[in-house]
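Here the structure is a predicted model, which means the values were calculated and not measured. Chain naming here is simple, since letters A, B, ... match the order of the sequence lines and numbering starts at 1 in each.
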Amino acid sequence: MNKIDELAQAFTYLAELLEIKGEVRFKVNAYERAAELIRAIGDEIFEKDNVKELRQFPGIGEGIAKKILEFKETGTISKLEELKTEVPIALISLLQVPNLGPKRAKLIYEELGVQNIDELREAAETGKLAELRGLGPKAEQNILEGIDHIENISGRMLLHKAYEIQRDICSLMSEALPGLLINPAGSLRRMKETIGDIDLLVGCENSRLVMETFLSLPITRRVIAKGDTKSSIMTAAGLQVDLRVVKPEQYGAALQYFTGSQAHNIRVREIARKSGLKVNEYGVFTVKDNRCIAAEDEAGVYAALDMAFPKPEMRENQGEIEAAIEDRLPALLELADIKGDLHSHSDWSDGRDDLEGMRAAAEARGYRYLAITDHAMKLKIAGGLERERLIEQVHAIRELNARGDSPVVLLTGSELNIDNDGDVDYDEELLSLLDVTIASIHGGLRQPREKITKRIIKAIRNPDVKIIGHPTGRLIGQRAPYDIDLRAIMRAAAETGTALELNSFPDRLDLKDENLRQARDLGAKVSLGTDSHRSNQLEFMFYGVAMARRAWLEIDDVLNTMGLDGLLEWLWAGRKKA
DNA sequence: GCCGTTTTCGGCCCGACTGTTTTCAGTCG
């Protein structure tokens with residue numbers, strides 16, 4: 001775990017231990033917000049070295065600023081260490097059990113001495129939980145099911161998986177109830193990279209009928225909760241799906257309410273309160289006489305608060321509220337702005353489809369160009385192209401382009417390997433044949449921070465390298481990012497005019513949203529590529545664009561929104577062309 | 001703990017559902 005995550009986690013622990021201890025809600029909230037904020041800001045936080053600078057960030061006051069400085073100095077926070085002697089840190093693990101919160105965790109610890117999940121299970125199975133005041137057999141059963149859930153389910157689901165499931169459920173519901181007004185809400189609508197559960201929102205007068213239909217879907221394994229307006233089910237795959245029903249004339253307010261994020265909504269409601277208004281899932285109301293002034297239209301909810309409409313992907317309380325108030329929200333990148341894909345593989349290396357198949361798929365997407373960036377020779381395992389094969393491929397691509405039977409121009413290219421010394425596979429002469437030169441790390445992933453950072457920066461300074469592929473190497477939920485000085489890499493990329501990739505393959509999404517925003521702020525260009533190994537994977541661009549939108553990127557921040565001529569000019573700037 | 005053209009003190013978002021309660025606390029999002 002890197003320093004930023006450690007610091008953020010220290011504040012999360014502070015919040016959770018205080019919560020178990022029974023500290024006032026607001027103090028706990030402040031620490032939780034601090035943890036969130038630190039994760040969003042990233043390494044920049046360690047570049048500040050006094051209280052005053054740290055307090056510039058809204059949500060960081062004197063107390064938290066001092067704790068950040070203490071952590072930077074000593075690697076720990078004394079208040080946290082103190083707290084650990086009062087409340088066993090292991091108790092925090094109990095909080096991840098659904099249906100078990102801080103109050104009951106404290107009770108269970110104090111009455112039964114339970115400190116971890118194994119002990120919790122034993123207490124539940126022997127009926128001891130049901131004997132505690134405020135709990136009963138049902139609560140005990142729910143906690144047992146909660147334990148089963150976290151032990152069987154490996155955390156959160158990748159966005160693209162959840163998105164597909166959502167699409168399936170919505171179409172099943174629409175089949176049963178034609179014309180139904182139904183949409184995803186929650187983190188799925190915000191397009192977070194991973195999804196904990198799926199939130200769906202329906203606008204319909206007949207909520208009973210909607211609920212019946214939903215609860216009898218074939219995907220339902222267990223009904224968790226069912227009420228007049230809200231139900232939850234567990235699917236066989238262990239995914240929770242929540243469905244809310246509101247009246248059609250309240251749909252906009254409900255969509256706003258259930259899209260979140262929680263931090264965004266809290267800010268919105270605070271702002272409403274200051275104007276004598278109240279916001280809930282049924283509309284915007286005056287506090288004085290409870291008169292509804294907006295509800296049907298989501299943008300109308302924001303308008304009632306004198307705010308511009310922030311797109312769902314932005315709603316993380318990362319400055320979008322202020323921007324909406326001041327009417328300076330960015331014009332986010334759209335999928336339609338993407339003129340082509342800059343990272344794809346064909347059957348010349350480890351892809352499945354041939355050049356024509358890839359080109360046809362690009363044409364179907366309305367692209368102007370597609371870069372064929374098969375693996376370079378040092379990556380033998382992926383069928384990396386030897387010199388002669390690469391030359392052959394360049395000729396094949398040129399021939400295909402010369403036929404003039406497609407609006408899509410294939411760009412020659414390669415996904416080069418950054419070796420241990422920071423050099424790439426081919427010599428200058430061969431590179432002078434390639435339009436698109438991506439350089440990626442494929443080996444030595446666990447080297448020390450200085451070493452990998454140095455390798456990448458050397459590649460960035462190579463005039464023949466125009467794009468750094470999957471810059472952090474993370475695989476969501478499987479492999480941590482390389483230990484690198486990302487900000488130094490971003491600065492070097494900005495300085496040399498090298499693009500950083502937003503690899504849009506679903507389990508990569510690399511750079512991730514907050515890093516993309518940092519890259520843009522530091523002046524680096526972003527290149528969207530799907531890393532497709534099959535022609536149908538070009539559709540992953542959808543998820544890359546979603547990440548770009550979460551990072552507030554606009555057209556000019558992204559390389560492949562350029563037309564073909566502009567792009568080629570950019571790609572060949574400062575390079576020798578054969 | 002944070003924050004301030006209504007406050008340097010006194011506020012701090014909102015509601016549904018469940019299970020255990022005879023009117024509400026705990027949990028969740």
Side-chain angles (χ1 to χ4, degrees), chain A residues 11 14-15 18-20 22-35 37 51 54-68 79 94-108 129-143 145-146 185-190 192 195-201 207 211 223-232 240-246 250 253-254 256-285 287 305 317 321:
Chain A
F11 279 108
L14 262 175
L18 284 174
E19 197 174 19
I20 294 170
E23 183 59 88
V24 290
R25 187 66 228 164
F26 310 111
K27 207 179 267 199
V28 173
N29 286 347
Y31 285 128
E32 273 174 1
R33 277 204 305 269
L37 189 65
V51 168
L54 283 166
R55 292 196 61 176
Q56 302 297 312
F57 297 108
I60 295 184
E62 188 171 353
I64 288 174
K66 280 185 173 160
K67 289 181 178 66
I68 292 173
K79 166 133 184 177
L94 299 186
L95 296 184
Q96 56 173 317
V97 177
N99 311 313
L100 181 58
K103 297 286 194 302
R104 287 172 178 172
K106 183 179 189 223
L107 180 72
I108 292 168
L129 291 188
E131 292 166 9
L132 297 176
R133 79 189 126 81
L135 280 80
K138 272 292 206 180
E140 186 173 73
Q141 187 56 33
N142 285 340
I143 287 173
E145 280 170 11
S187 54
L188 189 55
R189 183 159 181 248
R190 301 199 310 279
K192 277 195 74 165
I195 303 297
D197 54 32
I198 291 180
D199 294 305
L200 298 175
L201 184 66
S207 79
M211 286 304 175
V223 176
I224 298 171
K226 66 174 173 196
D228 291 338
T229 65
K230 180 184 170 186
S231 293
S232 299
Q240 184 173 327
V241 183
D242 298 341
L243 182 95
R244 268 307 274 262
V245 184
V246 298
Q250 299 170 326
Q256 194 285 325
Y257 188 95
F258 292 112
T259 297
S261 65
Q262 198 164 2
H264 174 91
N265 280 358
I266 287 172
R267 289 291 314 281
V268 167
R269 291 169 212 153
E270 279 171 0
I271 286 162
R273 290 305 292 240
K274 284 177 188 158
S275 322
L277 299 170
K278 186 180 76 168
V279 180
N280 60 28
E281 62 262 59
Y282 307 116
V284 182
F285 300 86
V287 171
L305 306 174
N317 189 27
I321 305 263

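Looking at heavy-atom distances under 4.0 Å, Tyr257(A) makes contact with a base. Within 4.0 Å of Ile64(A), counting heavy atoms only, lie sugar-phosphate atoms of the nucleic acid but no base atom. Within the 4.0 angstrom heavy-atom criterion, only backbone atoms of the sugar-phosphate kind lie near Arg273(A); the bases stay farther away. Residue Asn265(A) is classed as having no contact, given no heavy-atom separation below 4.0 Å to the nucleic acid. Lys79(A) comes within 4.0 angstrom of sugar-phosphate atoms only, judged by non-hydrogen atoms across all strands, and of no base. At the heavy-atom level, Glu270(A) lies under 4.0 Å from the strands shown only through sugar-phosphate atoms. At the heavy-atom level, Val279(A) lies under 4.0 Å from the strands shown only through sugar-phosphate atoms. Heavy atoms of Ser232(A) sit nowhere under 4.0 angstrom from any nucleic acid atom.
Listed nucleotides: dG1(B), dT20(B), dT27(B). Nearest to the side chain of Arg104(A): dT27(B). Checking dT27(B), dG19(B), dC12(B) against the side-chain heavy atoms of Phe26(A) singles out dC12(B) as nearest.
The partner of dT8(B) is absent, by the rule that a Watson-Crick or G-U pair needs both atom distances under 3.5 Å.
Separating the CZ atom of Arg244(A) from the C1' atom of dA16(B) is a distance of 6 Å, rounded to the nearest angstrom.
Side-chain contact of Arg25(A) with Asn29(A): a donor-acceptor pair under 3.5 Å is present, judged by distance alone.
A salt bridge is absent between Glu270(A) and Lys274(A); no separation between the charged side-chain nitrogens and carboxylate oxygens falls under 4.0 Å.
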